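See below for the structure under consideration.
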Amino acid sequence: MAQNIPKKQMAQVIEKTGGPVQFKEIDVQQPGPDEVLVNVKYSGVCHTDLHAVNGDWPLPTKLPLVGGHEGAGVVVARGELVNEIEIGDHVGIKWINGTCLACDFCQQSDEPLCAKALLSGYTVDGSFQQYAIAKAAHVARLHKDIPLDAVAPVLCAGITVYKGLKESGVRPGQTVAIVGAGGGLGSLALQYAKAMGLRSIAIDTGDEKKDMCVNQLGASAFVDFAASKNIVKDVQAATEDGLGPHAVILVAVSEKPFQQAAEYVRPRGTVVCIGLPAGAYLKAPVFESVIKMVTIRGSYVGNRRDSAEALDFFRRGLIKAPFKVVGLSELQSVYDLMHKGQIAGRYVLDTSK
Ligand code: NAD
Ligand code: ZN
Ligand code: ZN
């Protein structure tokens with residue numbers, strides 16, 4: 001089934017937790033019976049990839065590890081049990097690389113909760129290489145008219161924030177605060193919020209991110225968390241009636257906002273936690289949370305249906321978030337900028353460079 005597949009390829013590999021990430025030649029792997037081999041053309045860089053390098057979470061990665069889980073490319077080989085996907089099809093490699101498809105959660109299409117889930121760029125090698133493997137049942141199907149560079153960030157960031165917005169229960173016309181709005185997930189969240197008919201308040205810092213959020217992505221207000229003397233007051237004041245946003249989507253990479261959101265969310269509002277800062281704890285005042293009937297919940301990527309829906313929004317031209325393309329060889333410099341919080345939007349790696 002294979003066609004013109006080289007034996008060797010370039011990849012970004014970490015040998016040990018803490019890095020560094022090394023750009024080097026490694027073997028191209030063969031897909032198993034239920035897997036496809038994808039010639040990755042572009043891969044977005046998610047902050048999760050940096051958490052993986054740094055060992056930020058209480059879940060060990062495989063080592064050595066090829067990171068990456070926003071890979072968009074072309075199927076070049078498939079295992080003998082795969083018949084729904086053709087060689088030449090365009091697909092996306094997502095964070096959820098594969099699941100058992102049989103457990104309680106898989107049966108209820110809560111695949112991200114599967115205890116046997118394989119995680120791209122974390123427990124299995126991901127998309128920071130030219131040829132990556134994924135379970136055929138879980139790759140995202142991409143129409144051939146979709147540009148592979150622009151769609152890459154949708155494969156994690158887009159799906160995740162779209163799911164988070166659905167989990168928040170907000171309805172068209174209501175207001176959502178996006179905390180960490182200037183980053184990869186945040187910039188896409190503003191676009192999905194707009195497409196879903198929501199008003200949005202962007203919370204992040206700096207003029208570049210402010211300009212992007214308000215002038216490019218459709219935020220109705222911007223609150224600079226570094227400049228604000230009182231975040232709670234400023235976020236509430238940014239809503240029409242001063243009562244606060246109906247939902248808060250937390251995609252920030254620091255702990256503080258996870259301890260503030262319940263204070264400015266509207267009574268009966270919902271706080272959706274998505275960002276995963278190292279060692280962080282949620283905190284909320286019991287008194288206010290009770291008398292305001294606040295809901296606080298987590299949201300974790302999306303299932304296959306959420307993924308298809310998020311991609312359909314993109315295909316319809318409703319999701320246009322800024323991204324910069326650099327070569328796969330430049331991953332370390334992207335991590336350096338990300339660590340400093342200096343990326344407005346997303347970086348996408350071109351695996352041919
Ligand atoms: P990013 O680095 O692109 O963006 C993070 C943004 O948070 C930056 O713009 C930064 O300025 C901002 N920020 C930092 N402190 C802040 C504060 N106090 N208030 C407001 N904003 C603040 O990161 P990303 O790729 O968008 O990922 C965000 C987080 O989401 C990461 O922790 C990542 O691991 C997590 N994530 C979770 C899921 C999930 O399924 N739950 C999926 C993907 C990513
Ligand atoms: Zn991600
Ligand atoms: Zn399962």
Side-chain angles (χ1 to χ4, degrees), residues 110 112-113 157 160-183 185-205 209-210 213-214 217-302 306:
D110 254 339
L113 305 183
T160 301
V161 299
Y162 171 65
K163 174 71 160 185
L165 285 164
K166 285 207 296 185
E167 289 284 310
S168 79
V170 280
R171 294 192 302 275
Q174 295 186 331
T175 301
V176 61
I178 309 292
V179 190
L185 267 66
S187 55
L188 279 152
L190 288 174
Q191 285 282 282
Y192 278 96
K194 186 175 173 211
M196 292 161 90
L198 304 166
R199 288 195 168 96
S200 57
I201 301 166
I203 306 171
D204 211 307
T205 191
K209 289 179 183 174
K210 178 181 181 180
C213 291
V214 175
L217 299 173
S220 18
F222 184 87
V223 176
D224 190 316
F225 72 82
S228 169
K229 297 213 164 48
N230 188 333
I231 287 270
V232 174
K233 256 198 185 151
D234 288 350
V235 174
Q236 287 177 331
T239 53
E240 297 273 289
D241 55 9
L243 292 174
H246 299 80
V248 182
I249 304 289
L250 287 162
V251 289
V253 286
S254 60
E255 183 177 34
K256 194 79 195 280
F258 288 78
Q259 308 188 338
Q260 294 168 326
E263 294 188 49
Y264 55 68
V265 75
R266 193 182 190 84
R268 261 240 192 266
T270 302
V271 174
V272 182
C273 304
I274 293 178
L276 293 158
Y281 280 82
L282 274 163
K283 203 169 105 184
V286 171
F287 182 76
E288 284 167 32
S289 304
V290 171
I291 64 160
K292 281 168 59 179
M293 298 184 72
V294 170
T295 302
I296 301 176
R297 63 195 311 172
S299 187
Y300 181 41
V301 288
D306 301 315

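In this text, all values refer to a predicted model and were calculated from it rather than measured experimentally.
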Whether the side chain of [X] engages the backbone of [Y] through a donor-acceptor N/O pair (distance < 3.5 Å, no angle test) should be reported.
X	Y	result
Ser228	Asp224	no
Thr239	Gly244	yes
Ser187	Gly182	no
His246	Thr175	yes

- Separation of Asp306 CG from Ser299 OG (nearest 0.5 Å): 8.5 Å
- Spacing of Leu250 atom CG and Gln259 atom CD [to the nearest 0.5 Å]: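 Between atom CG of Leu250 and atom CD of Gln259 there are 11.0 Å.
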- Message: Please determine whether the number of non-hydrogen atoms from other residues, nucleotides or ligands lying under 6.0 Å from atom NZ of Lys292 exceeds 12.
- Response: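 Yes, because the 6.0 Å sphere around NZ of Lys292 holds more than 12 heavy atoms from other groups.
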- Query: Would you say Arg199 has more than 12 foreign heavy atoms packed within less than 6.0 Å of its CZ?
  - Reply: no
- Item | Derivation of the side chain to side chain contact (heavy atoms under 4.5 Å, CB included) call for Tyr192 and Ile249 | CA-CA 12 Å; Tyr192 278 96; Ile249 304 289; over 6 Å; no
- Does the side chain of Val294 come within less than 4.5 Å of Glu288's, by heavy atoms?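 The answer is no; the side chains never approach within 4.5 Å.
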- Does the side chain of Met196 reach to within under 4.5 Å of the side chain of Tyr162, using non-hydrogen atoms? yes
How close do [X] and [Y] get, counting heavy atoms only, and between which atoms?
X	Y	value
Pro245	Tyr264	CD-O, 3.3 Å
Tyr281	Glu255	N-OE2, 2.7 Å
Leu165	Ala193	CD1-N, 3.7 Å
Ala262	Ile296	CB-CD1, 4.2 Å

